[in-house]
Amino acid sequence: MQSVRFKNLLHLHFIVFIFGFTAILGDLITIDALPLVWYRMLLASGFIYFYIRWKKISLKVSRKLFGILFLSGIVIALHWITFFTAVKVSNVSITLALMSTGAFFTSILEPIFYKRKVILYEIFFGILVIGGLYLIFEVESGYTEGILYALTSAFLSAVFSLLNGKIAQKYNPSLISFYELISGVGVLTLFLILLTFFGNISEGFTPTFFQLEGSDWLFLAILASICTAYAFIASVKVMKYLSPYTVMLTINMEPVYGIFLAFLIFGEKEKMNPQFYYGGLIILTTVILNGIIKSIKDRKRRQINIS
């Protein structure tokens, strides 16, 4: 049993490593964020559809569930657009460091979504996160636009996780992911059509929209298959063998892996002021401490219920 747990822990670290590589692919792909996300969602939904057919999973969902998945699909599309825009107007390090604030936004939104009381230590942790953000803003003011996009993306990721939190335990994750991706790409397609006929035609569907470089097609295929379809399905599988606490701690390594990879690949472009790393460390440490406290409280709550 221990060997099974160890193998799944290594697998989870590999998955988180892949998540960290997503931002790097966003920088390597030469097209803008909007078409990048359109291609990602279209290709990934295709990969997951074939997986669903292979596993013979039913695609039937209720109208109410489809409505939630449709909304989630729009949110995840906007999250990815702001995420990749942040990468392109700043760099990978800025984007990944600021994505750590997603847990902070979740702690703010949870009382609203689940109608519970605000917890005092979460307010304290929120102040620490703001302090970390202040350090980053102070020394990296040249990346203000990227920072704002990254914060918006982190907020949207928190909204997405809370929307999914209400349905993830009840329905097949592949089914959920398929409908969210197909909904997102459907809305983006409609938006691009409107841009083509009624807005800025250069930003809609044009011949150049479908004329990508060979390297872009390669990176998009990796992004959609390995970093989206495979990583999502595999992450759900390993959660069956690992505790939520272990999963939480490991996922928080994404900025560390991503920033390290970015420095190896892009070199000086990703080298930041030391104060940036201090701010990022404060945010990451706060997120981890928040997860540890929640894990301890959940464990105590389960023990009380058992007794």
Side-chain angles (χ1 to χ4, degrees), residues 13 16-17 19-27 33 78-110 118-161 245 247-295:
H13 273 277
V16 174
F17 187 83
F19 287 154
F21 193 63
T22 298
I24 293 169
L25 287 173
D27 202 357
L78 293 173
H79 158 64
W80 281 339
I81 290 171
T82 50
F83 175 81
F84 287 117
T85 301
V87 170
K88 291 181 179 298
V89 300
S90 57
N91 60 25
V92 173
S93 297
I94 288 284
T95 304
L96 290 179
L98 272 296
M99 285 304 298
S100 299
T101 61
F104 164 62
F105 287 123
T106 302
S107 68
I108 294 174
L109 294 172
E110 258 189 4
V118 176
I119 302 172
L120 289 177
Y121 74 78
E122 290 183 341
I123 297 175
F124 172 70
F125 283 157
I127 295 171
L128 289 180
V129 169
I130 291 171
L133 289 173
Y134 173 77
L135 290 177
I136 293 174
F137 266 106
E138 190 177 39
V139 295
E140 303 299 344
S141 57
Y143 293 114
T144 299
E145 185 181 4
I147 290 171
L148 292 175
Y149 272 115
L151 285 173
T152 303
S153 183
F155 174 81
L156 290 168
S157 73
V159 174
F160 177 74
S161 66
Y245 171 65
V247 173
M248 179 277 303
L249 281 181
T250 308
I251 287 177
N252 282 321
M253 291 297 292
E254 179 186 348
V256 179
Y257 289 149
I259 290 172
F260 176 71
L261 276 172
F263 185 75
L264 287 180
I265 295 172
F266 300 118
E268 290 296 317
K269 178 186 174 184
E270 294 292 330
K271 190 174 182 179
M272 312 299 291
N273 187 294
Q275 193 169 319
F276 163 82
Y277 297 106
Y278 298 150
L281 183 61
I282 289 173
I283 295 170
L284 184 60
T285 302
T286 303
V287 170
I288 292 173
L289 286 174
N290 184 46
I292 291 172
I293 292 174
K294 284 184 180 296
S295 179

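- Here the shortest heavy-atom pairing between Met99 and Ser157 reads CE-OG, 4.1 Å.
- Between Gly146 and Val89, the shortest heavy-atom distance links the atoms CA-CG2, 3.5 Å.
- Using a 4.5 Å heavy-atom threshold, the side chains of Glu145 and Ser90 count as separate.
- How far CD1 of Ile259 is from CG of Asn91: 9.0 Å, rounded to the nearest 0.5 Å.
- Scanning for side chain to side chain contact (heavy atoms under 4.5 Å, CB included) contacts around Ile265 gives Phe21, Ile24, with sequence neighbours left out.
- Taking the side chain as every heavy atom from C-beta outward, Phe266 and Val92 approach each other to under 4.5 Å.
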Donor-acceptor pairs under 3.5 Å, side chain of residues 79-87 to any protein atom, not counting sequence neighbours: which ones?
residue: His79; atom: ND1; partner: Ser153; partner atom: O; Å: 2.9
residue: His79; atom: ND1; partner: Ser153; partner atom: OG; Å: 2.8
residue: Thr82; atom: OG1; partner: Leu78; partner atom: O; Å: 2.9
residue: Thr82; atom: OG1; partner: His79; partner atom: O; Å: 2.9
residue: Thr85; atom: OG1; partner: Ile81; partner atom: O; Å: 2.6

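- Under the side chain to side chain contact (heavy atoms under 4.5 Å, CB included) criterion, Phe160 pairs with Ser72, Val75, Ile76, Asn164, Glu180, sequence neighbours left out.
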Residue pair Tyr257, Leu96: steps toward the side chain to side chain contact (heavy atoms under 4.5 Å, CB included) verdict | CA-CA 10 Å; Tyr257 289 149; Leu96 290 179; over 6 Å; no
When you look at Phe17 and Leu261, which way does the side chain to side chain contact (heavy atoms under 4.5 Å, CB included) test go after all the steps?
-> CA-CA 9 Å; Phe17 187 83; Leu261 276 172; 3.5 Å; yes
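- For the pair Lys88 (side chain) and Asp27 (backbone), a donor-acceptor distance under 3.5 Å is absent.
- Between the side chain of Ser161 and the backbone N or O of Ala158 there is at least one donor-acceptor pair closer than 3.5 Å.
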